[in-house]
> 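The structure's right below; bear with me while I get my questions together.
Model, not experiment: these values are computed from the prediction. Chain letters run A, B, ... following the sequence lines, proteins first and then strands; every chain starts at 1.
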Amino acid sequence: MSSAPSDLLPESVELPGTRRLRFAPSPTGDLHIGNVRTALLSYCLAGEDGRFLVRIEDTDRERYQPEAVPRYLETLAWLGLRWDEGPDIGGPCEPYVESERLPYFQAAAERLVAAGAAYFCFCTKERLDELRAAQRTAGLPTRYDGHCRNLPPAEAVGRRERGEPSVVRLLVPPGETRWDDLVLGPQLVDNLSVDDQVLLKSDGFPTYHLAQVVDDHLMGITEVVRAVEWLPSTPKHLITYAALGWRPPRFAHVALVLGPDHSKLSKRHGAQTVTEFRELGYLPEALVNFLAFLGWSPGTEEEIFTLAELRQRMTFERLQSSPAILDQQRLDYLNGVWIRKLTVEQLAQRIKPFLPQATPEQLVPITAMVQERIRRLDQVPGLLTFAFSEPTPDADFLRGKLSREVARAFLEQVPALLDGDPDQLMDRLRSLAQELGVGDPTTEKKVLQSVMRVLRVATTGAEVTPPLPESIALIGKEAAVRRIQRAVRVLSEAG
RNA sequence: GCCCGCAUCGUCUAGCGGUUAGGACACCACUCUUUCAAGGUGGUAACCGGGGUUCGACUCCCCGUGCGGGUACCA
C-alpha cells in the first residue's frame, strides 16, 4: 500500500503555549449554555501562558449551518473568550475548519487500515439495524459484530473499486484501556465493551471520533475538556491515538448542566442559548462568573470573579465531578452584582439597546436611577414606562388609603414646592406632609408614606418607581406639574 | 436490555478520618428608608439507604436506590 497519503500528516512541530486547549463546536444552531461552559473552562484552564483555540467541527453535512460559524465567534467574543488561533484569525495549524482538512483524516484512515488497526466495512444500514434489534432482544450489548473485520484486503479493494459504498471502522483490539481522567480519576474499560466505531463515513468525511483525534494531535492539544457524554467514547479515541503512534492529550470530563427538574437542559427550561440569555439582559461578566461556578470553586469563600481572575485561578484539581443544575435566581443575583460594579457610563451603554426610546441625554440619568434596582437589563423599560408615556391613574388608585380631600390638598400644594433646590425637595414635601398629618390618628411616618405615594402615583402612575426627585427631574417640571394638576382634577371630579 | 458516571441545605458549593458540617442564592424576620431596590443583622434548612474497614466515618470499600450519560455513517 502506498505510503504517500501518510506523508500528508505532518509531525507536530513546536507550537506556542505551555498548554493548548481548544473549543471545537459543531455549527448547528445556536451556542448552548453547556457548550459555552466547556469553552469557558478550556479558556480558563489554558491559563495565562497557554493558548486557547477554536476549531470548527463541521463534519456532519446534514446538520451543518454555515451561518452559525460567525454567530458562534461573535458569542465567544461577547463573553470575552479571546482565542489565540481560530478560523478567522488563522494560526500555525491552519486551517481551523475541519471540512477543509479532509486530506488529513483520509490519510490517517489509510494509515490505520494499512497498519491493520482499522478496516473497510460494507454493511448496510438495514443490516446494522437488524443486528442491533436482535442483540437487544437477546439482552446483549448493541454493537457491531465485526462482520467485515476479516474481509480479505483484495476483496475490500475490489468492492470499493466497483463503487460499493463503504466506511472505515476502527478495529478495537482485545484487552483493556485505562487512563487517568483529570476530573474523574483512574478509568478502566474492558475493550470488549468498546464498539468498532466508524471513523470515516461513506461520504469521505470523518466522524467526530477521527477528526477529534487527528486534529487534536496536529494542533498540539494538551488537555481536552468536554462533557461526560463523551466519556464512553474515550477508549475509542485512546485506541486510535495508540494505533497512530501518537501520545494522547489528557482528558477532563466535566458533568453536564441540568435543568431545574434534573433533566438535560432543553427548550422547556426557558433560556438555554447564550443569545437568549443576552437578550434577557444578562451581562457577559455575570454569565461567565456564574458558569465558572457550575463545576468549579476556588475553595475559598470568594465568589465574584472576573474572567481574568478565573483564568488565573482555575485548576483541573478543583473541577467538580457531579452535575450542576442551572439556577436562574443565582444568575439573577450575580447579574445584579455585576450591574452594580459597572460605572454609570458603562452600564448606560449596556442599557442602550434595551431602551431605544431614550435620548442620549436621558440615558445616563436613567441609568443612575435604575442601577441599584435591576437584576437584568430587560427590566429597565418596565421601571420607566412613566417617562415615555402619560400615566392616567384613577381617583381610587391615586388616593390609596388617604381621603380624597387630604390627597387633593397635598397635591395642590406640591407644584409650588417644585421650584426650589431639587436636593431639598424631599424636605419640603416632608414638612408639607407633616402639616397635613396633624390630627391624623396614624403615625406621622405612615402619613408621610401615604402622601408620598399619592405624589408618586400622580406623577408616574405607579406605586413602585425610582426615587421621586429623580423621577420628577426625568419627566421635567412642566410635565410633573401637568400630571399633578390632572390628578387634582380627577380627585375633584370623583367627588 | 447492555456499558459507564455521579450522589453534602430547595439550588451552587466548602469539606479531602476527629468540625457546633462553613459560605452564597432563594426563603423568613428585623433594620435602613418617600415606594421598590441596594445595604446591614439574625433565622429556617443538608451529609440517599444498608453493610463493612477503623478507637472514630460526610469523608475509605462493597451492595442497593436515585439521577444522569452512552449505546448512530450526530456531535
Side-chain angles (χ1 to χ4, degrees), chain A residues 24-28 35 57-60 62-63 121 123 125 128-129 132 135-144 165-169 181 183-184 187 189-190 192-195 197-209 211-212 226-235 253 255-256 258 260 262-264 290 293-304 318 320-334 336-337 340 370-375 383 425-426 429-430 433 445 448-453 455-457 460 462-469 471:
Chain A
S26 175
T28 58
N35 289 139
E57 202 147 80
D58 56 346
T59 55
D60 183 345
E62 313 274 282
R63 299 197 303 158
C121 171
C123 291
K125 175 108 169 51
L128 295 174
D129 286 346
R132 279 189 281 264
Q135 286 169 332
R136 205 185 162 102
T137 45
L140 296 167
T142 52
R143 48 199 203 87
Y144 186 62
S166 67
V167 300
V168 173
R169 277 185 192 275
D181 196 275
V183 175
L184 302 173
Q187 302 291 309
V189 177
D190 188 333
L192 244 30
S193 70
V194 183
D195 204 2
Q197 182 60 236
V198 170
L199 297 177
L200 208 59
K201 307 180 218 177
S202 54
D203 65 359
F205 273 67
T207 58
Y208 164 88
H209 305 279
Q212 186 256 183
R226 44 153 63 154
V228 278
E229 54 186 335
W230 294 108
L231 194 61
S233 50
T234 306
H253 288 98
L256 257 26
L258 270 25
H262 296 247
S263 71
K264 207 170 174 176
F290 174 75
F293 274 71
L294 254 35
W296 176 81
S297 85
T300 66
E301 285 178 359
E302 304 158 273
E303 55 177 3
I304 305 301
R318 296 207 60 86
Q320 170 120 356
S321 53
S322 51
I325 288 160
L326 191 143
D327 178 11
Q328 204 160 335
Q329 282 190 312
R330 192 175 168 78
L331 210 208
D332 282 352
Y333 162 76
L334 284 172
V337 169
R340 275 170 262 120
V370 299
Q371 183 161 26
E372 276 199 343
R373 22 188 69 78
I374 57 168
R375 309 190 123 194
L383 274 175
L425 177 60
M426 283 310 300
L429 288 170
R430 202 169 285 125
K445 190 176 171 181
L448 183 66
Q449 286 176 358
S450 316
V451 129
M452 290 303 174
R453 200 200 77 96
L455 178 55
R456 169 168 277 111
V457 172
T460 69
E463 285 180 299
V464 176
T465 75
L468 266 178
S471 298

> Within the structure shown, what part of the strands sits under 4.0 Å from A:L140 by heavy-atom distance: base, sugar-phosphate, or nothing?
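Since a base atom lies under 4.0 Å of A:L140, the category is base.
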> Quick one: pull up CG in A:L429 and CE in A:M452 and give me the separation to the nearest 0.5 Å.
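It comes to 4.5 Å.
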> Can you name the residues that form a salt bridge (Lys or Arg N to Asp or Glu O under 4.0 Å) with A:R63, not counting sequence neighbours?
A:D60
> Which residue lies toward the 5' end of RNA chain B, A:R453 or A:L326, if each is placed at its nearest nucleotide?
A:L326
> I'd like the P distance from B:G18 over to B:C58, given in whole Å.
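The same atom, P, in both gives a distance of 10 Å.
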> Which part of the nucleic acid, if any, lies within contact of A:E62, taking any heavy atom under 4.0 Å across all strands shown: a base, the sugar-phosphate backbone alone, or nothing?
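A:E62: no heavy atom of the nucleic acid under 4.0 Å.
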> Using a heavy-atom cut-off of 4.0 Å across all strands, would you classify A:A324 as base, sugar-phosphate, or nothing?
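Result for A:A324 = sugar-phosphate.
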> Check the distance between B:G40's P and A:E372's CD and give it to me in whole angstrom.
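Rounded to whole Å, this separation is 12 Å.
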> Counting any heavy atom closer than 4.0 Å, what does A:P469 reach on the DNA or RNA strands: base, sugar-phosphate only, or nothing?
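Base, at least one base heavy atom under 4.0 Å.
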> Quick check: closest heavy atoms across A:P27 and A:E57, and the distance to 0.1 Å?
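Between these two residues, the closest heavy atoms are CD-O, 3.5 Å.
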> Grab the CZ-C1' distance between A:F293 and B:C12 for me, whole Å please.
9 Å
> Say we look at B:U44 and B:C3: how far apart would their P atoms be, to the nearest angstrom?
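My reading of the P atoms in B:U44 and B:C3 gives 46 Å.
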> Once you apply a heavy-atom cut-off of 4.0 Å, does A:L468 come out as touching a base, just sugar-phosphate, or nothing?
base
> So if I define the base as every atom that isn't primed, P, OP1 or OP2, how would nucleotides 70-75 of chain B read as a B/S/- string at a heavy-atom cutoff under 4.0 Å?
SBSBBB
> Rounded off to whole Å, could you give me the CG-to-P distance for the A:D181 and B:G69 pair?
18 Å
> Can you name the side chain to side chain contact (heavy atoms under 4.5 Å, CB included) partners of A:D332, sequence neighbours left out?
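A:D332 satisfies side chain to side chain contact (heavy atoms under 4.5 Å, CB included) with A:Y282, A:Q328, A:R375, A:R376 only.
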> What nucleic acid atoms does A:R456 come within less than 4.0 Å of, heavy atoms only: base, sugar-phosphate, or nothing?
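Since a base atom lies under 4.0 Å of A:R456, the category is base.
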> Starting from P on B:C12, measure out to CG on A:D332 and report it in whole angstrom.
16 Å
> Looking only at heavy atoms, which two atoms of A:L184 and A:L231 are closest? And how far apart?
CD1-CD2, 3.6 Å
> As a test of reading the structure: which of B:U35, B:C12, B:C67 is closest to the side chain of A:H262, going by heavy atoms?
B:C67
> Please list, chain by chain and in numerical order, all residues satisfying ring pair (Phe, Tyr, Trp, His ring centres under 6.0 Å) with A:F293, sequence neighbours excluded.
A:W296, A:F305
> At 4.0 Å (heavy atoms only), tell me whether A:Q320 reaches a base, stays on the sugar-phosphate, or touches nothing.
sugar-phosphate
> Output all residues satisfying salt bridge (Lys or Arg N to Asp or Glu O under 4.0 Å) with A:R373, sequence neighbours left out; order by chain, then residue number.
none
> Which residues pass the side chain to side chain contact (heavy atoms under 4.5 Å, CB included) test with A:R226, sequence neighbours left out?
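So A:R226 forms a side chain to side chain contact (heavy atoms under 4.5 Å, CB included) with A:Y208, A:Q212, A:V224, A:W230, A:T234, A:H237, A:F251, A:H253.
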> Provide, to the nearest angstrom, the distance between the CH2 atom belonging to A:W296 and the C1' atom belonging to B:A14.
13 Å
> Check salt bridge (Lys or Arg N to Asp or Glu O under 4.0 Å) between A:R143 and all other residues, then give those that pass, not counting sequence neighbours.
none
> What nucleic acid atoms does A:S297 come within less than 4.0 Å of, heavy atoms only: base, sugar-phosphate, or nothing?
sugar-phosphate
> Using atom CG of A:L258 as one end and atom P of B:G5 as the other, report the distance to the nearest whole Å.
18 Å
> The criterion is side chain to side chain contact (heavy atoms under 4.5 Å, CB included); which residues satisfy it with A:V183, sequence neighbours excluded?
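With sequence neighbours excluded, A:V183 shows a side chain to side chain contact (heavy atoms under 4.5 Å, CB included) to A:D181, A:A252, A:V254, A:L319, A:S321, given in chain and number order.
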> Counting any heavy atom closer than 4.0 Å, what does A:G295 reach on the DNA or RNA strands: base, sugar-phosphate only, or nothing?
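Sugar-phosphate contact only - A:G295 comes under 4.0 Å of backbone atoms but never of a base.
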> For the CZ atom of A:R330 and the CD1 atom of A:I325, what is their distance to the nearest 0.5 Å?
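Here the rounded value is 14.0 Å.
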> If you measure from the P atom in B:C47 to the same atom in B:G42, how many Å do you get, rounded?
25 Å
> Indicate, with a heavy-atom threshold strictly under 4.0 Å, whether A:R318 touches base, sugar-phosphate, or nothing.
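Answer is sugar-phosphate: A:R318 comes under 4.0 Å of backbone atoms only.
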> Using a cut-off of 4.0 Å between protein heavy atoms and nucleotide atoms, how would you tag nucleotides 20-32 of chain B 5' to 3' with B, S and -?
--SSBSS------
> Using the test side chain to side chain contact (heavy atoms under 4.5 Å, CB included), find all partners of A:L334 that sit at least two apart in sequence or belong to another chain.
A:N289, A:F290, A:I304
> Would you measure the distance from the C1' atom in B:G10 across to the matching atom in B:G52 and give it in whole Å?
33 Å
> Expressed in whole Å, how much space separates the P atoms belonging to B:A29 and B:U11?
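That atom pair is separated by 23 Å.
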> Can you tell me, in whole Å, how much space there is between the P of B:A14 and that of B:G23?
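About 15 Å, rounded to a whole number of Å.
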> In chain order, what residues pass the salt bridge (Lys or Arg N to Asp or Glu O under 4.0 Å) check against A:E372, with sequence neighbours excluded?
none
> Tabulate protein N/O versus nucleotide N/O from nucleotides 44-49 of chain B, keeping only pairs under 3.5 Å, one per line.
none

